[in-house]
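Dropping the structure in here first, questions after.
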Amino acid sequence: MFYSHTILARKGPLSTVWCAAHLQHRLKKSHYASTDIPSTVDRIMSPEVPIALRMSGHLLLGVVRIYSKKVEYLHQDCNVVLNGLRKAFASIDLSLPENAMQAPLQSITLPENLNLDAFDSGPDFDYDGAHSDHLGNQEDITLSEQFPIATNPFVAITVDEDFLMEYPSHQTEDFGSHATPMDMEYPS
């Protein structure tokens, strides 16, 4: 039999599968839950090093046993949840009439051809001005005081020329990428 001993080592990638095939009583629920079936099958079907056909058969048997155990654990968990739901609803006393055990078919299914034009919502329903709790009034959701419509929304900033003459700039007119520190102070 030829295979790499590192594959089946105690901490190897396929050690749980090998134990499931031969030493199933040693595995715990956490071993089964931590095994990823698709990636394990990919490792067996296209191994890094050659594996004998008999060895890959044993490993696939381990995968089948792990899958079977996972299904068994899922079935047990579903039964626990189902029994819990039955116990929770067992204390509820329903007194339904005899004919109310099933809903009429017309009340729970849509007709074959649903004609929305024939739908009549009543005379009090106004389609255009329908009230909705999800919409606010136009005045409540509009920010009219920030941008008055009658005036220009742009702001113009003017600088007094006397102010510029009083505090001359010490920077050069070169607008390159270098930065120069400001060394003038403005009065407060």
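No hydrogens, no waters, no symmetry mates; every other heavy atom, side chains included, goes into these values. All residue numbers in this chain count up from 1 along the given sequence.
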Could you tell me which residues satisfy side-chain contact (heavy atoms from CB on, under 4.5 Å) with Ser15, sequence neighbours excluded, listed by chain and number?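 Ser15: no side-chain contact (heavy atoms from CB on, under 4.5 Å) contacts found.
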For Asp77, all residues meeting side-chain contact (heavy atoms from CB on, under 4.5 Å), sequence neighbours excluded: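 Checked Asp77 against side-chain contact (heavy atoms from CB on, under 4.5 Å); matches are Lys29.
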Pair Leu53, Ser56 - check side-chain contact (heavy atoms from CB on, under 4.5 Å), show working. CA-CA 5 Å; Leu53 188 59; Ser56 63; 3.9 Å; yes
Identify, with sequence neighbours excluded, every residue that meets side-chain contact (heavy atoms from CB on, under 4.5 Å) alongside Glu48.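 side-chain contact (heavy atoms from CB on, under 4.5 Å) list for Glu48, sorted by chain: empty.
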So which pairs with a foot in residues 31-42 pass side chain to side chain donor-acceptor pair (under 3.5 Å), sequence neighbours left out?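 Sorted result for residues 31-42: Asp36-Ser39.
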Results of ring-ring contact (aromatic ring centres under 6.0 Å, His included) for His22 - residues two or more places apart only: Trp18, His58
What pair of heavy atoms forms the shortest contact from Gly62 to Ala20, and how long is it?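 Nearest heavy atoms, Gly62 then Ala20: O-CB, 3.7 Å.
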Can you list the residues that meet the side-chain contact (heavy atoms from CB on, under 4.5 Å) rule with Val41, with sequence neighbours excluded?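 By the side-chain contact (heavy atoms from CB on, under 4.5 Å) rule, Val41 matches Ile37, Met45, Val63.
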Verify the cluster assignment for Val49 and Leu59: are they in a single hydrophobic cluster under the rule of side-chain heavy atoms below 4.5 Å apart?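 Per the 4.5 Å side-chain linkage, Val49 and Leu59 are co-clustered.
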Salt bridge (charged side-chain N to carboxylate O under 4.0 Å, His left out) contacts touching residues 64-76 (sequence neighbours left out): Lys69-Glu72
Common cluster, Val64/Val71, ILVMFWY with side-chain heavy-atom separation under 4.5 Å: no
Test side chain to side chain contact (heavy atoms under 4.5 Å, CB included) applied to Val81 and Asn79, Leu85, Asn83, the passing residue: Leu85
Ring pair (Phe, Tyr, Trp, His ring centres under 6.0 Å): pairs with one or both residues in residues 63-89, sequence neighbours excluded: none
Ile51 vs Ile44, test: side-chain contact (heavy atoms from CB on, under 4.5 Å). Steps then yes/no. CA-CA 8 Å; Ile51 297 178; Ile44 294 170; 5.7 Å; no
Between the CD1 atom in Ile66 and the CD atom in Gln24, the distance rounded to the nearest 0.5 Å is 9.0 Å
